Each structure stands twice: as structure tokens, then as C-alpha cells.
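Dropping a structure here in C-alpha cells format, bear with me for questions.
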Amino acid sequence: MENQLLDLVNAKLTEKFPSDIYSAEMLYDYPVFTVNRDKVLEIVRFLYDDPEMSFQFLTTLCGLHFPDNKGKEIGVMYQLHNLPENKRIRLKTFFGEKDCYVSTITSVFKAANWQERETYDFFGIEFKGHPNLKRIVNMDELVGWPLRKEFPLEDPTREDKNDAMFGR
């Protein structure tokens, strides 16, 4: 069933946004689409409004950091759900650390407001057009972005632990 969903959504997206869908693949039983960050809002709105798609529930919005992916180290992942048919997909978009922004999707999903603020707070991703983008967990004085992987997880002077123990 997931492969049918992948094919259906991919066909609809590539028809509507032919040069903005970079990849479509099955990852961990989820159809995952990597898309152009400049079209994220339009793609999300299309998936929401199209009667055949009806992805009208935002399950998750979070930041991603892959430091070895030069020029596209930072990303945002959106997980959308079609509740009546119980279908789920993921959208991902990537960009560089020096060019760290994407459009807000709060005009489509009001719940994106807090999720985008949290992602900004922990990854430093600016959501253009967000109604109130500011830190919500960390102190305003904090310098840096705590969930980016450039910071060591453990005290580097400790000999009994290293980042390899944490999947890095």
C-alpha cells in the first residue's frame, strides 16, 4: 500500500511541480519526498487542498542536521497525515548553514506556529513570514543552536565517554 501511495503522490507532485521534486523514495515504510525549499509552502498547500491528497493534519515539523552533507547541512522535515484514509507522508527540504531559512507554513497549519518556533530555537532555522518567531525554550541570551551536531555531547576532557556512544 505504501508503494501505491508513493507512486500516487509522486505523480501528483511531479505533475504540479515538475522541477521542484528532487527525490521520492520509501524510507522506513514512509513515502518521503525531498522538495525545493522555495516551493515548500505551495507544495504543502497543494497537498492540503487537493481532494485526492487531503493531507490536512501536520503530525510533525522538525529540524535536521547532517554536517557531512556540505552545502545542504540543515533541513526541515514535515510529516503530513490524511486522517480519513490513514495515509502519511514526509516532506524534506535541505539548505546550507549560511542560508538557513524556509517559508512558514502557518497559513496552512496553525499548529506549525509552535513547531516552527521550537525548530528555530534548537536549529536556528528562520521561517520567513512567521507571525512570532522567537525562542520558546532556551534563554534569549543563548548563543548557538543546541541540536546542531557541531557541539560535543559530552565533556571532551572525559575519557570514559565519546560521541560515538551517541551515534555520531
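What you see is a predicted model; the values in this text were computed from it and never measured.
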> Tyr101 ring centre to Lys128 NZ or CZ under 6.0 Å, with the angle to the axis within 45°?
Replying inline: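 Geometry flag: set, cation within 6.0 Å and 45°.
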>> Same cluster or not: Ile136 versus Ile125, using hydrophobic residues (I, L, V, M, F, W, Y) connected whenever any side-chain heavy atoms lie under 4.5 Å apart?
In response: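 In one cluster with Ile136: Ile125, yes.
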> Do Lys12 and Asp50 come close enough that some side-chain heavy atom pair is under 4.5 Å?
Replying inline: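 Yes - at least one pair of side-chain heavy atoms lies under 4.5 Å apart.
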>> Nearest 0.5 angstrom please: Met77 CE to Thr34 OG1, how far?
In response: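 Nearest 0.5 Å value for the CE-OG1 distance: 11.5 Å.
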>> If I take atom NZ from residue Lys87 and atom NE2 from residue His81, how far apart are they, to the nearest 0.5 angstrom?
In response: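 Lys87 NZ to His81 NE2: 10.5 Å, rounded to 0.5 Å.
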> CD1 of Ile105 to NE2 of His130: how many Å apart, nearest 0.5 Å?
Replying inline: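 Atom-to-atom, Ile105:CD1 and His130:NE2 are 10.0 Å apart.
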>> Does any part of the side chain of Arg37, heavy atoms only, come nearer than 4.5 Å to the side chain of Asp99, both counted from C-beta?
In response: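 Yes, their side chains come closer than 4.5 Å.
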> Considering only heavy atoms from C-beta outward, does the side chain of His65 approach that of Pro67 to under 4.5 Å?
Replying inline: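 Yes; the side chains approach each other to less than 4.5 Å.
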>> Between the side chains of Arg135 and Asp140, is the shortest nitrogen-to-carboxylate-oxygen separation below 4.0 Å, so that they form an ion pair?
In response: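 Salt bridge flag = no for Arg135 with Asp140.
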> For Phe127, does its backbone N or O pair with a side-chain atom of Glu116 as donor and acceptor, under 3.5 Å?
Replying inline: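 Here the side-chain-to-backbone pair does not exist.
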> Are Leu61 and Leu64 linked, directly or through other ILVMFWY residues, by side chains that come within less than 4.5 angstrom of each other?
Replying inline: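 Leu61 and Leu64: separate clusters.
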> Do we get Lys149 above Phe66's six-membered ring, with its NZ or CZ under 6.0 Å from the centre and within 45° of the axis?
Replying inline: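 Yes, a cation-pi geometry holds between Lys149 and Phe66.
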> Taking a hydrophobic cluster as the set of Ile, Leu, Val, Met, Phe, Trp and Tyr residues connected by side-chain heavy atoms closer than 4.5 Å, whether directly or through intermediates, do Leu133 and Val137 fall within one such cluster?
Replying inline: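 They do share one cluster, since a chain of ILVMFWY contacts under 4.5 Å joins Leu133 to Val137.
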> Would you say Val108 and Phe57 are hydrophobically clustered, going by side-chain heavy atoms of ILVMFWY under 4.5 Å?
Replying inline: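 No, Val108 does not connect to Phe57 through the hydrophobic network.
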> Which distance, rounded to the nearest 0.5 Å, do you find between the CG of Asn36 and the CD1 of Ile21?
Replying inline: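 Asn36 CG to Ile21 CD1: 8.5 Å, rounded to 0.5 Å.
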> Can you find a pair of side-chain heavy atoms, one from Phe33 and one from Ser23, that are under 4.5 Å apart?
Replying inline: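 No; the side chains remain at least 4.5 Å from each other.
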>> Would Ile89 and Val32 count as a side chain to side chain contact (heavy atoms under 4.5 Å, CB included) here? Give the steps.
In response: CA-CA 6 Å; Ile89 63 169; Val32 179; over 6 Å; no
> With a 4.5 Å heavy-atom cut-off, do Asp20 and Leu13 have their side chains touching?
Replying inline: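 No. Closest side-chain heavy atoms not under 4.5 Å.
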> For the ring pair (Phe, Tyr, Trp, His ring centres under 6.0 Å) test, which of Phe55, Tyr48, Tyr78 pairs with Phe109?
Replying inline: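 Of all the options given, the one that passes is Tyr48.
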> Under 4.5 Å between any side-chain heavy atoms of Val76 and Cys62, yes or no?
Replying inline: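 Not in contact.
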>> For a salt bridge (charged side-chain N to carboxylate O under 4.0 Å, His left out) check, start with the C-alpha distance between Asp29 and Arg88, then their side-chain angles and the critical distance, and finish with the verdict.
In response: CA-CA 10 Å; Asp29 296 333; Arg88 299 171 194 200; over 6 Å; no
>> So which atom in Gly124 and which in Cys100 form the shortest heavy-atom distance, rounded to 0.1 Å?
In response: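 Of all heavy-atom pairs spanning Gly124 and Cys100, the closest is O-SG, 3.8 Å.
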> Do Leu91 and Leu8 share a hydrophobic cluster, counting only Ile, Leu, Val, Met, Phe, Trp and Tyr and linking them when any side-chain heavy atoms are less than 4.5 Å apart?
Replying inline: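 In one cluster with Leu91: Leu8, yes.
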>> I need the Leu41 CG to Arg45 CZ distance, nearest 0.5 Å.
In response: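 Separation between the atoms: 5.0 Å.
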> When rounded to the nearest 0.5 angstrom, what distance separates CG in Asn132 from OG1 in Thr104?
Replying inline: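 Those atoms lie 11.0 Å apart.
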> Given the side-chain rings of Tyr22 and Phe94, with only the six-membered ring counted for Trp, is the space between their centroids under 6.0 Å?
Replying inline: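 Not under 6.0 Å, so no.
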> Passes side chain to side chain contact (heavy atoms under 4.5 Å, CB included), Met26 versus Asn3? Steps please.
Replying inline: CA-CA 7 Å; Met26 288 299 295; Asn3 284 327; 3.1 Å; yes
>> Any non-hydrogen side-chain atom of Pro31 less than 4.5 Å from a side-chain atom of Arg90?
In response: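 The answer is no, as the side chains (C-beta and beyond) never meet within the 4.5 Å cut-off.
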> Sub-3.5 Å donor-acceptor pair from the side chain of Asn82 to the main-chain atoms of Gln56, do we have one?
Replying inline: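 Side chain of Asn82 to backbone of Gln56, a donor-acceptor pair under 3.5 Å: no, none is there.
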> Less than 4.0 Å between a side-chain N and a carboxylate O, is that true for Lys39 and Glu42?
Replying inline: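 Yes.
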